[in-house]
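See below for the structure under consideration.
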Amino acid sequence: QVQLVESGGGLVQAGGSLKLSCAASGGRASRALMGWFRQTPGKEREFVCAENPIGATTLYADSVKGRFTFLRDNTNLTFYLQMNSLKPKDTAIYYCAARSGRYYADRSDSYDYWGQGTRVTVSS
């Protein structure tokens, strides 16, 4: 099992920055692959980024590439999403997610565990 608790959302002006945190716990947390997704009302959950164990890299959606950065602190099992140059279209509820496995996944249904979500609002 993996438990995920997010924090760090809020209101920010366009062009600003936010750093989301996701604290993981549970027996499988240290071996889980992490991802971030976001969702707006009436839309499906959208992929943001995910760990790719092959090459120890992170893959990003085109919409956030160059602006968002995934960070992993193995000591504390805490994961971060550093969001810079925010745009109004980044407004959403952001979720961290964890999955078992050895390969990268950008589909939300590939993830087994989810945080409660944290709201990010970017004003113009």
Side-chain angles (χ1 to χ4, degrees):
Q1 291 288 333
V2 178
Q3 292 81 44
L4 303 171
V5 179
E6 298 151 5
S7 60
L11 173 65
V12 64
Q13 287 188 333
S17 298
L18 277 176
K19 187 175 184 179
L20 307 183
S21 300
C22 176
S25 60
R28 296 184 177 184
S30 62
R31 297 183 296 276
L33 294 175
M34 302 301 297
W36 286 92
F37 291 78
R38 64 187 183 185
Q39 190 170 23
T40 53
K43 293 188 177 181
E44 294 186 356
R45 206 160 284 189
E46 176 190 14
F47 168 74
V48 175
C49 64
E51 292 186 293
N52 181 7
I54 299 175
T57 60
T58 303
L59 298 179
Y60 297 90
D62 287 343
S63 59
V64 307
K65 199 173 295 181
R67 300 188 297 122
F68 290 12
T69 304
F70 174 87
L71 302 167
R72 181 182 182 116
D73 180 350
N74 285 325
T75 301
N76 298 315
L77 284 182
T78 302
F79 309 89
Y80 304 93
L81 184 65
Q82 176 67 49
M83 305 187 294
N84 299 328
S85 302
L86 282 162
K87 305 175 182 180
K89 65 181 180 179
D90 295 318
T91 295
I93 297 176
Y94 283 72
Y95 298 89
C96 63
R99 61 185 295 268
S100 302
R102 296 182 291 171
Y103 303 103
Y104 155 80
D106 59 7
R107 291 172 54 97
S108 60
D109 59 6
S110 297
Y111 288 78
D112 305 304
Y113 307 99
W114 292 86
Q116 81 283 5
T118 185
R119 184 178 299 274
V120 172
T121 303
V122 184
S123 63
S124 58

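FYI, the numbering just counts along the sequence from 1. As the structure is a computational prediction, the values presented were derived from the model and not from experiment.
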Point to revise | Residue list, side-chain hydrogen bond (donor to acceptor under 3.5 Å, both in side chains) with Asp73, at least two apart or on another chain | key: Asn76
Practice item. List in chain and number order the residues that pass side-chain hydrogen bond (donor to acceptor under 3.5 Å, both in side chains) with Arg99, two or more places apart in sequence or in another chain; answer none if no residue qualifies. Key: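 Scan of Arg99 (side-chain hydrogen bond (donor to acceptor under 3.5 Å, both in side chains), adjacent residues dropped) gives none.
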**Study point:** Partner residues of Ser100 under the side chain to side chain contact (heavy atoms under 4.5 Å, CB included) criterion, sequence neighbours left out
**Key:**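 Counting only residues at least two positions away or on another chain, Ser100 forms a side chain to side chain contact (heavy atoms under 4.5 Å, CB included) with Arg28, Asp112.
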Point to revise | Minimum heavy-atom distance between Arg72 and Glu51, given as atom pair plus value | key: NH1-OE1, 2.6 Å
**Study point:** Nearest heavy atoms of Ser124 and Ala14, plus distance in Å
**Key:**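 Reported closest heavy-atom pair: CA-CB, 4.4 Å.
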Review point. Can you pull the disulfide bond (SG atoms under 2.5 Å apart) pairs that have at least one residue in residues 80-124, sequence neighbours excluded?
Key: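 Every pair satisfying disulfide bond (SG atoms under 2.5 Å apart) with a residue in residues 80-124: Cys22-Cys96.
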Check your understanding: So which pairs with a foot in residues 52-93 pass disulfide bond (SG atoms under 2.5 Å apart), sequence neighbours left out?
Key -> none
Point to revise | Aromatic centroids of Trp114 and Phe37 separated by under 6.0 Å | key: yes
Find the distance between [atom1] ([X]) and [atom2] ([Y]) and round it off to the nearest 0.5 Å.
X	Y	atom1	atom2	answer
Thr58	Met34	OG1	CE	11.5 Å
Arg119	Leu11	CZ	CG	11.5 Å
Leu77	Gln3	CG	CD	11.5 Å
Leu59	Asp106	CG	CG	8.5 Å

Review point. Which class fits the ring pair Tyr94 and Phe68: parallel under 30°, tilted 30 to 60°, perpendicular over 60°?
Key: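 Aromatic pair Tyr94/Phe68 classed tilted.
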Check your understanding: Out of curiosity, does Tyr60 fall in the hydrophobic cluster containing Leu86 (side-chain heavy atoms, cut-off under 4.5 Å, transitive links)?
Key -> yes
**Study point:** Linked, directly or transitively: Phe47 and Leu81 (ILVMFWY side chains, under 4.5 Å)
**Key:**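 Phe47 and Leu81: separate clusters.
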Practice item. Answer yes or no: is there an ion pair linking Lys65 with Asp62, defined by an N-O contact shorter than 4.0 Å? Key: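 Salt bridge flag = yes for Asp62 with Lys65.
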Review point. Can you list every side-chain hydrogen bond (donor to acceptor under 3.5 Å, both in side chains) pair that touches residues 8-21, not counting sequence neighbours?
Key: Ser17-Asn84
